[in-house]
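Remarks on the structure that follows.
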Amino acid sequence: MEKITAIRGFKDILPDDAFRFQEVETIARFVFNSFGFREIRIPIMEKTELFKRSIGETTDIVEKEMYTFRDRDDELLTLRPEATASVIRAYIEHNMFANEQVTKLFTIGPMFRRERPQKGRFRQFNQIDVELFGDDKPQSDAEIIFMLIRFLQSTGLKDLQLEINSLGCKACRPTFSKAIIEFLKGRENELCPDCQRRINTNPLRVFDCKVETCGTIIANAPRILDFLCSDCEGHFKQVQSLLNDLKISFDINVRMVRGLDYYTKTAFEVKSGALGAQNAVAGGGRYDGLVKFLGGPEVAGIGFAVGFERLVACLPEEGKNVFQTDLFIAALGDRAQKLGFKLTNELRRAGIAAEMDYADKSLKSQMKRADKLNSSFTLILGDKEIDEKQAQLRNMKTKDQQALSLDNLQKTIITFIRER
RNA sequence: GUGGGUGUAGCUCAGUUGGUUAGAGUGCCGGGUUGUGGCCCCGGAGGCCGAGGGUUCAAAUCCCUUCACUCACCCCA
């Protein structure tokens with residue numbers, strides 16, 4: 001039989017890694033809660049239209065990376081490529097804006113993009129997504145960036161670099177775009193094919209190009225920060241000053257452009273080494289106007305997403321995979337097997353991590369398994385012991401071994417393990 | 001979507017100018033201790049050499065095709 005493998009770009013998260021995912025999730029919930037964010041759980045599929053409208057018709061994500069299919073009733077559905085659109089949809093659908101001035105939400109789960117897989121990039125990947133609605137003040141920007149950094153530091157992530165930029169708003173960005181196009185016109189021939197295409201699709205992206213000639217050309221190009229309207233400029237200055245107050249160090253990267261259409265004003269990204277080419281662990285920004293654009297009220301918004309797999313990949317290796325068993329029961333003989341089975345499961349009912357071998361193998365092999373399972377204690381229970389109404393409890397670390405009476409055995413074991 | 005690299009045991013990898021029964025380490029199972037783990041010693045199981053086709057007396061090895069994985073571009077978390 002030909003074996004069936006997982007879909008390309010879809011990964012199994014094996015127990016060792018799943019353990020680390022759990023730890024990171026726990027930290028995320030703790031940190032976010034302390035900043036007043038509450039969890040929301042949303043579907044992994046939405047009507048295709050939602051993503052087209054929010055992310056932008058001409059973005060790569062919408063043009064060629066979405067898993068879209070036609071449902072039986074002919075409706076077009078899409079596996080979500082990001083979470084912001086869905087969170088906003090839910091925010092509007094449940095009139096959450098009517099309940100409170102500011103709404104702070106986070107969600108954790110899988111996203112889907114049909115890209116070519118590489119290091120740090122998968123077709124199904126998990127994101128931690130945070131959104132803050134109802135506040136357009138720079139304090140929100142600073143707060144959310146501060147929280148992101150706090151969270152990343154709490155997970156043990158070292159050498160992280162925060163980069164920020166302002167992308168302007170619908171008042172000032174178009175002027176800048178025009179200026180860039182103006183600047184690039186006449187030099188198209190000197191640009192790489194990709195950048196020639198970008199002039200029409202997303203001129204700001206030329207700033208990002210890694211081709212050397214494009215880099216030297218764009219170095220003299222107009223800068224977004226010189227084009228910001230007074231509102232955007234003031235906002236950006238304040239964000240910087242607030243971050244300084246919070247002792248968060250950052251670099252301004254005027255070349256940073258975000259790939260999604262909806263971003264305005266502040267954009268930010270956190271990079272870390274050891275990730276290969278896909279070195280962005282988290283990214284986000286402000287998206288004032290998007291909520292209204294998706295049919296809600298005029299409400300400001302800002303958020304970010306953390307690449308779960310990328311974050312875990314950056315974390316130090318140590319401290320993983322310590323699976324512990326409290327007690328292994330080595331049963332020898334039929335009567336012992338029967339008693340052991342009962343005892344094992346009774347102990348589990350009491351919350352003790354108990355294991356035993358049902359195959360009635362040699363004591364040696366059972367001891368080996370106890371060792372492998374990282375068991376603190378092993379209870380040696382043979383038919384011989386049963387005749388003598390006792391069992392041997394061995395401390396695997398100290399090798400101390402003592403006889404316990406079969407009467408009240410379960411209770412004695414529990415006290416032993418709890419007092420360890 | 002485009003380009004490079006790699007496919008041999010559960011895992012990490014050797015395998016010479018094509019040549020007999022394809023190896024090591026690790027892991028797994030068993031034994032050395034007829035009832036006591038880790039260290040050590042001994043033994044065993046485990047391979048359509050990614051798949052298909054071709055060249056040859058003979059292919060893991062050479063050629064073609066294909067698939068998968070991987071890294072990079074593009075783009076993004």
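So you know, we letter chains A, B, ... as the sequences are listed, proteins then strands, and number each from 1.
Residue K11(A) is classed as a sugar-phosphate contact, given heavy-atom separations below 4.0 Å to backbone atoms only.
Between F21(A) and F308(A), the ring centre distance stays below 6.0 Å. Proximity of the aromatic rings of F37(A) and F106(A) is defined here by a centroid distance below 6.0 angstrom, and this criterion is not met.
Using a 4.0 Å cut-off, no side-chain N or O of K368(A) falls inside it from OP1 or OP2 of C29(B). A sub-4.0 Å separation between OP1 or OP2 of C69(B) and a side-chain N or O of R8(A) is present. Side-chain nitrogen and oxygen atoms of S365(A) include at least one within less than 4.0 Å of the OP1 or OP2 phosphate oxygen of G30(B). Distances shorter than 4.0 Å separate none of the side-chain N or O atoms of Q366(A) from OP1 or OP2 on G35(B).
Sequence order on RNA chain B of the closest nucleotides to D371(A) and K364(A) puts K364(A) first from the 5' end. Both E269(A) and A6(A) sit near RNA chain B, but only A6(A) has its closest nucleotide nearer the 5' end.
A side-chain hydrogen bond (donor to acceptor under 3.5 Å, both in side chains) with E346(A) is found for one member of K342(A), R349(A), R348(A) and no other, namely R349(A).
With centres under 5.5 Å and a plane angle under 30° as the test, the ring of F308(A) is not stacked against the base of A77(B).
When the C1' atom of C75(B) is taken as reference, atom CE of M111(A) falls 17 Å away, rounded to whole Å.
The same atom, P, is picked in C48(B) and in G10(B); the two are 7 Å apart, to the nearest Å.
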